[in-house]
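Order of appearance sets the numbers: ligands from 1, and atoms from 1 within every ligand.
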Amino acid sequence: MVNKIERIARRPIYPTPAGLVVSIDAQSKPNIISLGEIFNLSIREPVWVGIAVRETRYSWELIKKQGEFTVNLPPASLLKQVKGCGSCSGRDGIDKFAKFGLTPQPSRYVKPPIIAECPVNLECKVVGFHHVGDHDLFIGEVLLEHVDEDKVDANGERDESKLDPLIWLGRGYYTIGKKLGEMQW
Ligand SMILES: Cc1cc2nc3c(=O)[nH]c(=O)nc-3n(C[C@H](O)[C@H](O)[C@H](O)COP(=O)(O)O)c2cc1C
């Protein structure tokens with residue numbers, strides 16, 4: 001057996017998507033933030049997701065004021081855009097859609113747009129807010145999910161094997177490997 005090293009824990013090991021979250025200001029100008037802290041909280045009735053955002057982020061301010069956001073799941077091919085949206089602030093007047101070549105597409109139920117280049121998008125309304133250590137947790141009720149039509153199977157179900165999502169693990173970006181099996185519900 002390999003000896004284990006004991007260390008102070010920093011960002012636990014759970015892999016998460018490197019997601020793109022869109023919010024808007026009072027003039028409806030959208031802003032994008034890259035987030036690794038994105039969680040499934042309630043998975044059916046209701047469907048709730050959590051996003052953990054530091055208070056210093058411009059997006060924190062926008063989501064707190066407007067109470068809405070969209071979660072967009074980038075494919076691995078958008079790595080450059082994810083790095084870019086996570087390394088500059090909308091507070092400095094930057095239009096991240098224009099700067100990183102992303103396309104805003106109107107949502108149906110919320111004001112922040114979804115990102116057309118991301119194959120899965122969630123329209124969310126804030127239903128909870130909690131201080132959680134060095135981040136704040138916004139809980140979003142998912143009002144609608146969008147999926148690219150070429151990413152669903154013959155029954156109209158989302159086919160995750162076609163998504164090639166960008167995964168954030170520790171301090172690195174990864175893609176997922178091959179599918180090993182299916183969960184029996
Ligand atoms: C892959 C990645 C993951 C990130 N995860 C988070 C996160 O979960 N929470 C957070 O507050 N900031 C996170 N950041 C940092 C923000 O994206 C970054 O500070 C961004 O510039 C803030 O933009 P804004 O000021 O326009 O909102 C992450 C950055 C990257 C590149």
Novice: Tell me, please: is S23 in heavy-atom contact with ligand 1, that is, under 4.0 Å?
Specialist: no
Novice: Looking at V53, which atoms of ligand 1 are within less than 4.0 Å of one of its heavy atoms?
Specialist: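 Per the distance check, 11 (O).
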Novice: For D164 and T175, what are the C-alpha separation, side-chain angles and deciding distance, and is it a side chain to side chain donor-acceptor pair (under 3.5 Å)?
Specialist: CA-CA 7 Å; D164 192 23; T175 55; 4.9 Å; no
Novice: So which bit of N31 gets within less than 4.0 Å of ligand 1, heavy atoms only: side chain, backbone, both or neither?
Specialist: side chain
Novice: If you round to the nearest 0.5 Å, how far is CG of D136 from NE2 of H131?
Specialist: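 Output value for this atom pair is 5.0 Å.
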Novice: Out of P74, S89, S34, indicate the one that has the non-hydrogen atom closest to atom 4 (C) of ligand 1.
Specialist: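 Heavy atom nearest to atom 4 (C) of ligand 1 belongs to S34.
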Novice: Give me the atom names and distance for the closest heavy-atom approach of G36 to T16.
Specialist: O-OG1, 2.6 Å
Novice: Take every heavy atom of W60, measure it against each atom of ligand 1, and state whether any distance is under 4.0 Å.
Specialist: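 The answer is no, since W60 has no heavy atom less than 4.0 Å from ligand 1.
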Novice: Any idea which atoms of ligand 1 are less than 4.0 Å away from a heavy-atom of Y58?
Specialist: 24 (P), 25 (O), 26 (O), 27 (O)
Novice: Do any nitrogen or oxygen atoms of K96 come within less than 3.5 Å of a nitrogen or oxygen of ligand 1?
Specialist: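 Yes, at least one N or O pair falls under 3.5 Å.
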Novice: For atom 18 (C) of ligand 1, state which one of G86, G90, G172, C88 supplies the nearest heavy atom.
Specialist: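 The nearest heavy atom belongs to G86.
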Novice: Which residue and non-hydrogen atom of the protein lie closest to atom 15 (C) of ligand 1, and at what distance in Å?
Specialist: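 The closest heavy atom on the protein side is R57 NH2, 3.7 Å.
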Novice: Is any N or O atom of W168, backbone or side chain, closer than 3.5 Å to an N or O atom of ligand 1?
Specialist: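 No - when backbone and side-chain N and O of W168 are compared with those of ligand 1, no distance drops under 3.5 Å.
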Novice: Tell me the protein heavy atom at minimum distance from atom 3 (C) of ligand 1, and give that distance in Å.
Specialist: G36 N, 3.4 Å
Novice: If you take all heavy atoms of G19 and P74, which pair is closest and at what distance?
Specialist: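 Taking every non-hydrogen atom into account, CA-CD, 3.8 Å.
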Novice: Check ligand 1 against H135 and write out every atom of the ligand that is under 4.0 Å from a heavy-atom position of the residue.
Specialist: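 Heavy-atom distances to H135 below 4.0 Å select 9 (N), 10 (C), 11 (O).
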Novice: Verify side chain to side chain contact (heavy atoms under 4.5 Å, CB included) between K99 and D95, making sure each step is shown before the conclusion.
Specialist: CA-CA 6 Å; K99 188 173 166 78; D95 177 346; over 6 Å; no
Novice: Within the structure provided, determine whether Q81 and L102 are in side-chain contact (heavy-atom separation under 4.5 Å).
Specialist: yes
Novice: Rounded to the nearest 0.5 Å, what separates atom CZ in F97 from atom CG in L20?
Specialist: 8.5 Å
Novice: Give a yes/no verdict on a cation-pi contact between K64 and F138, requiring under 6.0 Å between NZ or CZ and the six-membered ring centre and an angle within 45° of the axis.
Specialist: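 No; the conditions do not both hold, so K64 does not lie above the ring face of F138.
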Novice: If you measure every N or O of I32 against every N or O of ligand 1, does any of those distances drop under 3.5 Å?
Specialist: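 No, I32 has no N/O under 3.5 Å of an N/O on ligand 1.
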Novice: Would R91 count as being in polar contact with ligand 1, using the rule that some N or O on each side must be under 3.5 angstrom apart?
Specialist: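 For ligand 1, there is no N or O atom that lies under 3.5 Å from one belonging to R91.
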Novice: May I ask you to identify the nearest protein heavy atom to atom 27 (O) of ligand 1, giving residue, atom name and distance to one decimal place in Å?
Specialist: S59 OG, 2.6 Å
Novice: List ligand 1 atoms under 4.0 Å from Y173, heavy atoms only on the residue side.
Specialist: 1 (C), 31 (C)
Novice: For ligand 1, which is the ligand I care about here, please tell me if A52 has any N or O atom under 3.5 Å from one of the ligand's N or O atoms.
Specialist: yes
Novice: With a 4.5 Å limit on heavy-atom distance, are the side chains of P113 and P30 in contact?
Specialist: yes
Novice: With a 4.0 Å cut-off on N to O distance, would you call E160 and R158 a salt bridge?
Specialist: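 Salt bridge flag = yes for R158 with E160.
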Novice: Quick one: does K83 get an N or O within less than 3.5 Å of an N or O on ligand 1?
Specialist: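 Not met; the criterion fails.
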Novice: If you count the atoms of ligand 1 from 1 in the order shown, which ones are under 4.0 Å from a heavy atom of C85?
Specialist: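 Ligand 1 atoms under the 4.0 Å threshold to C85: 20 (C), 21 (O).
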Novice: Please find the pair of heavy atoms, one from W60 and one from R54, that lie closest to each other, and give the distance.
Specialist: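 Closest heavy-atom pair between W60 and R54: CB-O, 3.4 Å.
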Novice: Does atom NZ (K162) have a neighbourhood of more than 12 heavy atoms from anything else shown, all under 6.0 Å?
Specialist: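 More than 12 heavy atoms, drawn from other residues, nucleotides or ligands, come within 6.0 Å of this atom.
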